[in-house]
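Reading through the structure tokens given below for one structure.
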Number of protein chains: 2
Amino acid sequence: MRGTYDHDMPYDPSVYPPFAVTVDLVVLTVRRNALCALAVRRGEEPFRGRWALPGGFVRADEDLATAAVRELAEETGLRPQESEGHAGAHLEQLATYGDPSRDPRMRVVSVAHLVLAPDLPAPTAGGDAERARWVPVASLLAGPGGAAPEPLAFDHARILTDGVERARSKIEYSSLAAAFCAPEFTVGELRRVYEAVWGVSLDPRNFHRKVTGTPGFLVPTGGTTTRQGGRPAQLFRAGGATLLNPPMLRPEA
Amino acid sequence: MRGTYDHDMPYDPSVYPPFAVTVDLVVLTVRRNALCALAVRRGEEPFRGRWALPGGFVRADEDLATAAVRELAEETGLRPQESEGHAGAHLEQLATYGDPSRDPRMRVVSVAHLVLAPDLPAPTAGGDAERARWVPVASLLAGPGGAAPEPLAFDHARILTDGVERARSKIEYSSLAAAFCAPEFTVGELRRVYEAVWGVSLDPRNFHRKVTGTPGFLVPTGGTTTRQGGRPAQLFRAGGATLLNPPMLRPEA
DNA sequence: ACAAAAGTGTTGGCGTTACACCCATGG
DNA sequence: CCATGGGTGTAACGCCAACACTTTTGT
């Protein structure tokens, strides 16, 4: 008889053993021109002493996104975008990982989320600050020809890889790179975000024309700053335009 | 005390109630120039008599993708891409839905998957063929200015919407549209897939140049066919190139 | 002969690249 | 005065939309 395991059937725990459901967080930021991820040192077996992604169990009456926001606040004190266009971090669901052997203790299905955060004055204020650190992605993942990385716990290397790849491709056609910047930022600062995330260098002149020429992408605040040195630069906020068309082009190398 | 619900902690079922985990399938195909989804009539409460997406519980020792493949085979007899570039269907994880109230009976977290299938001779051979049908997406989802759709069970309208949007955007920059075609197909047939999925019409001449001019995208098989009438058309298989650069442009209206 | 679908050639516009050049500040 | 980063101008190139035109079949 087919269809026995159909959605339609009543739930019988003896046939369908329960799963633990967690959220894991890939929290990315740009610090000192390097793409960094939030990582915690594990204090328990398995994988004691290894880096892991922050995360935790979803509560009984809690939505997945709610659980991710709660975990993020517990670990970083960060709060995702309160209002449209305002700073805060960007949070979105990434993917779900459910290999039966991914956690040796039990069957865990983890719903990973991606967070793009501005560089924070205090790296992990308000939470488990002792164990949480910003770690350059390059030292966690083997790049092409890079040195052997510090191994991550569980399948977190896979999750981090997927999160980084998602961030890299999303800034191509959306205004999401601004989520890595302070509420007000210069065109040059935004360009350095692209350069850090993609690992390339971009022509400053053409980049400037491209982003300022896309209507609704950047909104000038009127202020200027010289915090990067040189001639004073205009300050901008992220505009309402969330789609970038035509997209920013990612150079070959 | 923060961090109480941390990933690190041992699993205590009295604190973290168990979840049921299911997979739901958004199976899309193009039939008679219309984008269609596989839907089943529910025979049980809740939502008895409504359309729902096929799906079912993940088994205890089964990966998420494995569960999706099994459900797909049970419902359609279809098997996703056996070998590279060969026909078969395309399957990928879509997103995970875990609102606490999405199923009135219990706490269910559903990992939705997206399947792009060629138009099958027998719509749902090999499975619960009685209840499963191809239904035009336009009649399941309210388009802009369209008539009121037949309501879907649970949050399946949301899931279907997300799946359709993913399919629409993915064919833009990948060779995935070929997953909707027979193993060998003509350029015109591929163009009609784009037109059905996007709901637009494309210039046949420019489309032809674009897809045949992208190296590795299409591989001529040497054969020709006149099954569409008119001058004989070359037959192609999908090539190894999975990324389409520059992307196909989706017209405004 | 005609309709229908497959292909090719050509042209103008627009976006991008590459780079010369000017601007405004700090040291 | 010079270094540094911000910003504008401009020409060559490439891709693409638009459309005229040819090819090869079925009826």
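Below, chain A is the first sequence line, B the second, and so on; all start at residue 1. Everything numeric in this text was worked out from a predicted model, so none of it was measured.
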Between the protein and nucleotides 12-16 of chain D, which nitrogen or oxygen pairs are less than 3.5 angstrom apart?
residue	atom	partner	partner atom	Å
dC16(D)	OP1	K210(B)	NZ	2.8

Please list, chain by chain and in numerical order, all residues satisfying side chain to side chain contact (heavy atoms under 4.5 Å, CB included) with [X], sequence neighbours excluded.
X: Y173(A); result: K170(A), P247(A)
X: R231(A); result: none
X: P204(B); result: R191(B)
X: A65(A); result: D63(A)

Output the rounded distance in Å from [atom1] ([X]) to [atom2] ([N]).
X: L218(B); N: dG7(C); atom1: CG; atom2: P; value: 11 Å
X: R227(A); N: dG6(D); atom1: CZ; atom2: P; value: 11 Å
X: F207(B); N: dA6(C); atom1: CZ; atom2: P; value: 11 Å

Tell me every residue that passes side-chain hydrogen bond (donor to acceptor under 3.5 Å, both in side chains) with [X], counting only those two or more places apart in sequence or in another chain.
X: R158(A); answer: none
X: E150(A); answer: R41(A), W51(A)
X: R227(A); answer: E189(A)
X: N206(B); answer: R209(B)

Q.
For a quick check, with a 4.0 angstrom heavy-atom cut-off, what is the B/S/- contact string for nucleotides 19-27 of chain C, read 5' to 3'?
A. BB--BBS--
(Q) Using a 4.0 Å cut-off on heavy atoms, which residues in residues 185-193 of chain A reach DNA chain C? List them by number, or say none. (A) none
Q: Identify, with sequence neighbours excluded, every residue that meets ring-ring contact (aromatic ring centres under 6.0 Å, His included) alongside F217(A).
A: none
Q. Within the pair H208(A) and dG7(D), is there a side-chain N or O less than 4.0 Å away from OP1 or OP2?
A. yes
Q. Under the 3.5 angstrom rule, does the side chain of R168(B) hit a backbone N or O of V197(B) as a donor-acceptor pair?
A. yes
